[in-house]
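One structure below.
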Protein chains: 2
Amino acid sequence: MDLAIFSVVEDALRVLLVRRPDAHEEPFPGQWALPGGFIDLRVDQDLESCALRKLKEKAGISAPYLEQVGSWGGASRDPRGWSATHVYFALMASDDVSLVPGGNASDVKWANVDGNRIREKLAFDHTEILKAAITRLRNKVEYTSLPAFLMPAEFTLSELQHVYEITLDRSLEKKAFRTRVLATDLLEEVPRRRAGANRPAQLFKLRNRKHLVYFSRALTSGGRQ
Amino acid sequence: MDLAIFSVVEDALRVLLVRRPDAHEEPFPGQWALPGGFIDLRVDQDLESCALRKLKEKAGISAPYLEQVGSWGGASRDPRGWSATHVYFALMASDDVSLVPGGNASDVKWANVDGNRIREKLAFDHTEILKAAITRLRNKVEYTSLPAFLMPAEFTLSELQHVYEITLDRSLEKKAFRTRVLATDLLEEVPRRRAGANRPAQLFKLRNRKHLVYFSRALTSGGRQ
DNA sequence: TAACATGGTGGCACAGTACCACTAAGAAAT
DNA sequence: ATTTCTTAGTGGTACTGTGCCACCATGTTA
């Protein structure tokens, strides 16, 4: 079981990494890896509850967006022999990030996603797994409301667009974005505005914290470069 | 490892089933199930080669469209205890169907997909797994060229549309379908026509037997009822 | 040669997006 | 108090791909 836990922190898409134990009998000692671990047959009813348990242990969150990416198995991915892992990706709201890391700070970190990879070299086949997770995320953001699960409880339309732009790594056209989002029942106005050194912006919240909205088309090219 | 092998036979979407062995120490004796089996750690380099091997054994085909659907694991899916399986779905060209079944004819059959289920009651959690595979297939057909992998080497546009309609279980509008397909580089004309009791139809083949085309929108409602 | 059946197209309406200029509303600077 | 600045939010037209449907095309069969 391995997890790709994403969040948007400081205007960047990030993924949670943990450091492998430094014991010499362990494979890839001291290297960065995706959080995960073995299934506990006495505790975990099924794969999803195992993923939820790991998520709570590593990131301290209990009700994130969770989706299976797939499974990887083979003879060469672990030096100890044939192995298989089930991979999930999770999305964390940015205001829950402060709760992380739950363990020793030096052994957990958020790594920046650049393009469709990260700078760190990962243990096992985690580089390939992470690439698949990022690709899945990006593709799905094109035609769903996935980035909504990366938002805090209340947010403005511009903030939501900004998170879309960060996860897609390209700019979007403002009017098209707004029309498209407001045409669905994704959002609900709250009677508050975000103040700043400019015109205050309407705040919204999700109408349903669990529901994923599908758009009928993808947005193509984007606004200001 | 379990496989949902689809094909379109006699104007219907079908999935390949195998009968469980009748020995009493086996779970679900004599019941229908998705083809599959255990990974052979000496032979299978990774999950995909295991799926390809099973596919060759059960259906006698060697280069189909193959895609991972996900994995299922839990304490209650097998009476023998905690277990997990990796699930792939495969698409077979209709003219390869004659090669099936490879084993005893009475132990293998094509089952009709009705709605998003089949009539047969399946062993283990295979009913749920198959439902997920059918849903994945249907969803993806909306915006990709997946049904092209269900076609014989040469086919007409009407035949392709017909296979789309069978997999989607609804009718499509002729002009919209043609315009959309021909706007991509999916097909290539061959210098032959399909004769019949009517105007002969242009035959096409896939420009690339492996490449999957993505459309920018889904088709909505369809033509003649 | 007329009837029939399916192949294939022309043309207009419509929905959702692309584009871009414009107005709106607040804080900060003058 | 007025101007400047910055981001919020909108109006309006063009464009693309689809929905719709009538119509023509081209073969076989009666």
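Each chain gets a letter, A, B and so on, in the order its sequence line appears, and its residues count up from 1.
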Is [X] close enough to [N] that one of its side-chain N or O atoms is under 4.0 Å from OP1 or OP2 there?
X        : N      : answer
A/Thr220 : C/dA18 : yes
A/Arg199 : C/dA24 : no
A/Ser158 : D/dA8  : yes

If I take atom [atom1] in residue [X] and atom [atom2] in nucleotide [N], what distance separates them, rounded to the nearest angstrom?
X        : N      : atom1 : atom2 : answer
A/Gln202 : C/dG26 : CD    : P     : 12 Å
A/Arg217 : D/dG19 : CZ    : C1'   : 12 Å
B/Arg180 : C/dG8  : CZ    : C1'   : 19 Å
B/Gln161 : C/dT6  : CD    : P     : 13 Å
B/Glu173 : C/dG8  : CD    : P     : 15 Å
A/Glu159 : D/dG9  : CD    : C1'   : 15 Å
B/Asn198 : C/dG7  : CG    : P     : 6 Å
B/Phe204 : C/dG8  : CZ    : C1'   : 10 Å

Among D/dT18, D/dT10, C/dG8, the nucleotide that comes nearest once only the side chain of A/Lys174 is considered
D/dT10

Candidates D/dG27, D/dT18, C/dG8 - which lies nearest the side chain of B/Pro200:
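From the listed options, D/dG27 comes nearest.
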
Less than 3.5 Å apart, any donor N or O on the side chain of A/His86 or B/Ser71 sitting next to an acceptor on the other?
yes

Sidechain N-carboxylate O distance under 4.0 Å for B/Arg138, B/Glu142
no

For A/Trp32, does the six-membered ring have the charged nitrogen or CZ of A/Lys121 within the cation-pi criterion, i.e. under 6.0 angstrom from the centroid and within 45° of the normal?
no

Under 6.0 Å from the ring centre and within 45 degrees of the ring axis: does the NZ or CZ of B/Arg180 meet both conditions for the six-membered ring of B/Phe215?
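Checked: cation-pi criterion met.
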
Confirm from the modelled atom types if B/Lys175 and D/dG19 form a donor-acceptor pair under 3.5 Å, side chain to base only.
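Answer no: no donor N or O sits under 3.5 Å from an acceptor.
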
As an exercise, state the distance from OG of B/Ser158 to CG of B/Asn198, rounded to the nearest 0.5 Å.
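Between atom OG of B/Ser158 and atom CG of B/Asn198 there are 9.0 Å.
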
Using a heavy-atom cut-off of under 4.0 Å over every strand shown, decide if B/Arg193 touches base, sugar-phosphate, or nothing.
nothing

Across the strands shown, which category fits A/Ala197 at heavy-atom distances under 4.0 angstrom: base, sugar-phosphate, nothing?
base

Between A/Leu182 and B/Ala183, which residue's closest nucleotide on DNA chain D lies nearer the 5′ terminus?
A/Leu182

